[in-house]
Amino acid sequence: MRNILRLLPVVFFVLLPCGSSAQTAGSGRTASLADPAAEGCGQADPETLSLSASQNSQSSHGFDLANVDRTVKPCDDFYQFAAGGWMKNNPIPPAYSQWGSFNILRNRNEDALHQILDEASKDKSAAPGSNWQKIGDFYASCMDEPTIEAAGIKPLDSEFRRIAAIHDTASLEAEIARLQLQGVNAAFGFGSEVDFKDSTKRIAGVSQGGLGLPERDYYTRDDDKSKEIREAYIRHVKNMFKLLGDDEAASVDETKAVLAIETSLAKGSTGQVDLRDPDKNYHMTAVARLGELTPHFTWPDFFKEMGAPDFSTIDVGQPEFFKQFDADLASFPLADWKAYLRWQLVNYVAGALPAKFVDEDFDFSGRVLAGTKELLPRWRRCVEATDRQLGEALGQYYVQRNFPPEAKVKATAMVKNVIAALRADLSTLDWMSPATRAKAIEKLDSMEVKVGYPDKWRDYSEFKVDRAAYVENARRGNEYANAYDIAKIGKAMDRGEWVMTPPTVDAYSRASMNDITFPAGILQPPFFDPNRDDAMNYGGMGAVIGHELTHGFDDQGAKFDAQGNLVNWFTPEDLKNFQDRGNCIAKQFDGYEVEPGLHTNGKLVEGESIADFGGLTIAYAALQKALEGKAAPAPVDGFTAEQRFFLGWAQIWESNIRIELSRMYVNVNPHPVARFRVNGPLSNMPAFAKAFQCSTKTPMVRAEAERCRIW
């Protein structure tokens, strides 16, 4: 419920990895490997694109020499050396803001899903209520543009009438609840979450929300680029009101109201860096005392309207935001709130409406925010939407056709090997005391590993799907998902539940569950190939596995113990040592420029960069263990096994990115851009310098006094 995803994404950017339902790493709940762009919510037809060699001319070791840029030395800029040839030969397609290995693999997975959905949508004999019928009808309704155009905004008429009928604070509260049930980002978020202090329970939680721009600082920064984006946003909101039928004067007034409310909410919002700190985003509060925080909002009525079960305490993620929200309730007239709610509704459902809404939505969200040049084909948008709404129903068919049992066995074996390498490393860390080491190993040994797909599939029997106007299916899907989430409040944790669908090209770690998950969608070339050279596999999927493992010990994950509870298990000296090492990483990434004058935010990317560094270190150790006692592998195309390991890491991040998206990364993304993800950790690794015989005076080798050390 607290995760806001568009009904039919036409925009490259969301605050979460697109196509997944993982909660933000910002509150310490879930951390994923991919960045928003890596998932690629905007794609062109694969037939028109140049695929990487790992797809079109696979060699025994899984690396194409054409990817290499021989004009650059590996010790000067390894990313350019390893991926420069690929970057030259793979310009960004018009429907993308970034094009790379993640996008290519996601494309291939969507091709597979497309075949499944095409079959299902044409099957007139599908059993009513079956998963096959639901995925077929959902996809068919999404593809039925004539029906969508004919329906116009009529499916929203009843909701617009309810908004128009708001006459007091009570009816405003009721409408906020109703819109939230449909997934609309109305004012704030409410739903279930893991209790940070008792991970066996799911509790109620509320968190900041309600913005139409990516994050709070977009409303307040006064640099030229930010001003340009705000002006474009104002035009966009006004255009949407005009598409709803409002005249110029009314649209201008409504847009002013929207911007005023959102700007006020933004000023009360917590920033991206602080959102990553679980200690700053966990505030258990008695429901009976919520009125002290927000005297103008009647929470019991809101919870009843949401259909929530009874509960006596709730986590108020960001109390200052709710103080601001309450002040806004008292200060803004109801007419302004009505305009705001109309905007939030149409903004959320725009992708499921007629083409004029889709195009206007894309013009801002795609072109302005992310630099995308054109909208991706409708069938791809509909595949993504079906995966998002019925992911485990569709995922069952994907797994049957694309993830054989032997692939799961081999992937699981690699996970175990990387875990063993991390265990060995934890046993010898010179900065960690025996007391802390014992707790760390206990946490690692307790970590649950999930590979491929859930052991128990989700039941979609309560989700009605037919071939009516697409927006109706999408709204019912949101209502089903939100009711499913809210019903968990007060219940025991279901540790087997997944927050990503099987075809997703990503992986994640949940600190409060102490688990790591690798969907079948990412266990494919170029990340993992059971028939490929070990060095490339460990540099690719092995480092991904290590990344998720070490999330359990990054600046957020290290605050949770073996049971997933928010508790300090470090000795005071060890905690200082660990924080100093994390600060070293943050300082290093502060020095990287996305464009002249625009630096990466080191504290924002600290956790993901710790995980990249740790993942590579552990995966490299696992490779050495796998090669132990064997004859040294012969060089391939002139590259040793150790060199191929690092080429494997660079290969999964090879990509081109538009400057608009790079700028957005700096503001909202806890992952650095690809170049820094590759070069940053490698410059701290003596093993890399040794593999490529880099001198201490080369750019890819940080000075001894500056080199970061954790694992």
Side-chain angles (χ1 to χ4, degrees), residues 6 9-18 24-26 34-42 79-80 87 91-100 102-103 211-237 259 262-263 266 269 271-273 275-276 361-374 586 588-609 653-680:
R6 307 298 293 274
V10 297
V11 51
F12 204 40
F13 171 81
V14 290
L15 293 182
L16 306 172
C18 186
T24 63
D35 50 65
E39 287 297 304
C41 294
Y79 182 71
Q80 185 64 34
M87 293 162 66
I92 305 172
Y96 266 80
S97 289
Q98 179 169 341
W99 182 248
F102 274 85
N103 310 100
L211 306 183
L213 287 169
E215 55 95 26
R216 68 166 194 177
D217 292 342
Y218 277 80
Y219 293 87
T220 57
R221 278 192 298 262
D222 60 1
D223 60 280
D224 290 342
K225 292 295 181 183
S226 296
K227 290 178 181 177
E228 288 177 15
I229 290 174
R230 277 199 298 276
E231 288 302 316
Y233 182 60
I234 290 169
R235 290 193 300 272
H236 169 54
V237 176
L259 195 68
E262 290 187 358
T263 301
S269 298
Q272 296 296 105
V273 171
L275 279 175
R276 296 190 65 257
D361 181 53
F362 173 76
D363 189 63
F364 176 74
S365 300
R367 288 191 176 91
V368 174
L369 285 183
T372 315
K373 305 302 181 185
E374 66 183 39
Q588 175 187 353
F589 279 82
D590 274 337
Y592 292 138
E593 284 186 309
V594 168
E595 64 178 349
L598 183 62
H599 286 253
T600 297
N601 184 337
K603 292 305 291 184
L604 180 60
V605 304
E606 180 182 345
E608 296 297 334
S609 299
W653 297 114
E654 57 191 9
S655 64
N656 286 304
I657 184 171
R658 301 191 194 279
I659 188 59
E660 293 89 346
L661 188 63
S662 292
R663 293 176 185 134
M664 195 187 304
Y665 265 52
V666 173
N667 296 324
V668 302
N669 193 354
H671 307 79
V673 295
R675 180 178 299 277
F676 305 144
R677 292 196 80 163
V678 171
N679 287 352

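Here the structure is a predicted model, which means the values were calculated and not measured.
- Here the CG atom belonging to L661 is positioned 12.0 Å from the CG atom belonging to N656, to the nearest 0.5 angstrom.
- S655 is linked by a side-chain contact (heavy atoms from CB on, under 4.5 Å) to Y79, Q98, A674, counting only residues two or more places apart in sequence or in another chain.
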Original post:
Checking side chain to side chain contact (heavy atoms under 4.5 Å, CB included) for the pair L213/F364: CA distance, chi angles, key distance, verdict?
Top reply: CA-CA 10 Å; L213 287 169; F364 176 74; 3.6 Å; yes
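- Between D217 atom CG and D222 atom CG the span is 11.0 Å, to the nearest 0.5 Å.
- When all heavy atoms of M664 and A370 are compared, the pair lying nearest together is CE-N, 4.2 Å.
- Residues that satisfy the side chain to side chain donor-acceptor pair (under 3.5 Å) test with D223, not counting sequence neighbours, are S226.
- With sequence neighbours excluded, the residues forming a side chain to side chain donor-acceptor pair (under 3.5 Å) with Y592 are Q588, listed by chain and number.
- Taken to the nearest 0.5 Å, the CZ atom of R367 stands 12.5 Å off from the NE2 atom of H236.
- Aromatic ring orientation, Y233 versus Y219: perpendicular (interplanar angle above 60°, classes split at 30° and 60°).
- Expressed to the nearest 0.5 Å, how far CD of E231 lies from CZ of R235 amounts to 7.0 Å.
- Taken to the nearest 0.5 Å, the CZ atom of R658 stands 6.5 Å off from the OG1 atom of T372.
- For N667, the side-chain contact (heavy atoms from CB on, under 4.5 Å) criterion is met by E215, Y218, R221, not counting sequence neighbours.
- The shortest heavy-atom contact between S269 and L211 is OG-CD1, 4.4 Å.
- Interatomic distance, NE2 of H599 versus CZ of F589, reported as 14.5 Å (0.5 Å rounding).
- Applying the salt bridge (charged side-chain N to carboxylate O under 4.0 Å, His left out) test to every pair with at least one member in residues 588-606, sequence neighbours left out, gives these pairs: E595-R663, K603-E606.
- Contact check for V237 versus L259: no side-chain heavy atoms found under the 4.5 Å cut-off.
- For R675, the salt bridge (charged side-chain N to carboxylate O under 4.0 Å, His left out) test picks out D77, with sequence neighbours left out.
- For the side chain to side chain contact (heavy atoms under 4.5 Å, CB included) criterion with Y665, the lone passing option out of I657, T600, V605, L598 is I657.
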